[in-house]
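A quick write-up on the structure given underneath.
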Amino acid sequence: MAKSVLLICFLGVSFIFGAAADQSPLQDFCVAQAGGAVLVNGLACKDPRTVQANDFSLSGLHLPANTSNAVGSKVTPVFVAQLPGLNTLGISMARIDYAPWGINPPHTHPRATEILVVLEGTLEVGFVTSNPDNRLVSKVLQKGDVFVFPQGLVHFQRNSGSMNAVAIAALSSQSPGVITVANAAFGSTPDIAMDILVKAFQVDENIVSQIQSKF
Ligand SMILES: *[C@@H]1O[C@H](CO)[C@@H](O)[C@H](O)[C@H]1NC(C)=O
């Protein structure tokens with residue numbers, strides 16, 4: 001009796017974890033059909049007979065991206081939108097370039113855990129645990145160091161060196177999604193109502209307006 005209760009609990013927990021990632025593929029592949037009219041959870045598949053090696057390939061990830069922007073970093077995504085062969089496979093990646101002291105600002109991936117390796121430079125990375133603790137877990141990484149950001153948690157990176165830095169990240173979704181905290185709160189279309197932002201951030205209206213003007 002106790003054993004079967006344990007088994008049921010185990011199956012329940014397994015199901016919860018299983019359902020937390022993209023669904024498993026039910027065929028070898030499902031290369032995304034460009035401009036397909038059929039809406040599915042993912043993208044409709046190309047006719048497998050027309051699939052080519054290039055559907056599974058993308059070039060140029062060795063090239064540094066332009067980091068001349070307000071935050072001093074640039075993400076080059078390799079998600080299903082860029083690499084149609086990722087459709088249904090539950091995985092993707094990105095290259096991230098950082099100018100000296102550049103940051104990848106606090107953001108979350110609603111659908112993916114992220115694992116990152118530093119290829120060049122020194123990165124300070126961190127994530128914040130959920131309420132009520134909101135504990136900052138952070139570390140300085142050197143070339144070759146790996147760090148994992150658990151799914152859904154707010155995280156960031158900063159180049160804490162005077163040289164350019166480069167990282168490669170892998171993500172557990174073909175389409176991890178990105179929610180940048182500042183842009184979502186202060187740069188939505190249309191704006192979140194002023195009184196909501198005033199109370200949420202405990203500042204007065206002109207400070208909210210000033211931040212909104214940057215997004
Ligand atoms: C990088 O981006 C900035 C801002 O958009 C632009 O002014 C500059 O010309 C770009 N540099 C290169 C090398 O493309």
Side-chain angles (χ1 to χ4, degrees), residues 32 34-35 43 53-86 91-112 114-128 138-149 153-171 173-192 194 197 201 203 206-215:
L43 294 158
N54 280 344
D55 291 319
F56 301 95
S57 172
L58 176 146
S59 298
L61 224 59
H62 63 302
L63 299 172
N66 186 343
T67 55
S68 299
N69 54 52
V71 293
S73 78
K74 182 74 179 175
V75 176
T76 304
V78 186
F79 300 162
V80 71
Q82 291 77 32
L83 183 54
L86 287 177
I91 195 169
S92 62
M93 67 184 295
R95 172 187 169 121
I96 314 164
D97 287 276
Y98 310 84
W101 308 106
I103 65 156
N104 185 8
H107 64 279
T108 85
H109 303 292
R111 293 179 289 278
E114 171 178 350
I115 187 165
L116 171 147
V117 59
V118 179
L119 298 188
E120 294 295 340
T122 303
L123 285 186
E124 181 182 343
V125 301
F127 64 81
V128 178
S138 74
K139 186 170 170 37
V140 176
L141 305 180
Q142 308 295 342
K143 181 173 180 168
D145 291 349
V146 170
F147 197 84
V148 62
F149 303 101
L153 299 187
V154 171
H155 61 280
F156 60 85
Q157 300 105 35
R158 172 172 65 187
N159 180 358
S160 51
S162 51
M163 311 287 281
N164 289 335
V166 183
I168 295 284
L171 298 116
S173 168
Q174 66 178 40
S175 184
V178 184
I179 300 170
T180 305
V181 175
N183 301 56
F186 296 101
S188 66
T189 307
D191 287 341
I192 295 175
M194 179 59 83
L197 294 176
F201 290 89
V203 293
N206 53 10
I207 295 178
V208 170
S209 299
Q210 192 188 343
I211 302 176
Q212 283 174 328
S213 71
K214 309 279 185 189
F215 296 94

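The figures that follow rest on heavy atoms only: side chains count, while hydrogens, waters and symmetry mates do not. The chain is numbered in sequence order, starting from 1. When a ligand or atom number is given, it counts from 1 through the structure's own listing order.
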Short N or O contacts of ligand 1 with protein, under 3.5 Å, listed by atom name?
{"from": "ligand 1", "atom 1": "2 (O)", "to": "N66", "atom 2": "OD1", "distance (Å)": "3.3"}
{"from": "ligand 1", "atom 1": "2 (O)", "to": "N66", "atom 2": "ND2", "distance (Å)": "2.3"}
{"from": "ligand 1", "atom 1": "11 (N)", "to": "N66", "atom 2": "ND2", "distance (Å)": "2.9"}
{"from": "ligand 1", "atom 1": "14 (O)", "to": "N66", "atom 2": "ND2", "distance (Å)": "3.4"}

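Ring planes of F186 and F201: tilted class, angle from 30 to 60°.
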Practice item. Run the numbers on K139 and E124 for salt bridge (charged side-chain N to carboxylate O under 4.0 Å, His left out), then give the verdict. Key: CA-CA 6 Å; K139 186 170 170 37; E124 181 182 343; over 6 Å; no
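The environment of CE in M163 is sparse: at most 12 heavy-atom neighbours from other residues, nucleotides or ligands sit within 6.0 Å.
Closest heavy-atom contact between L86 and V78: CD1-O, 3.3 Å.
No donor-acceptor pair under 3.5 Å is formed between the side chain of D55 and the backbone N or O of G85.
Counting heavy atoms from C-beta outward, I96 and V166 have side chains that stay 4.5 Å or more apart.
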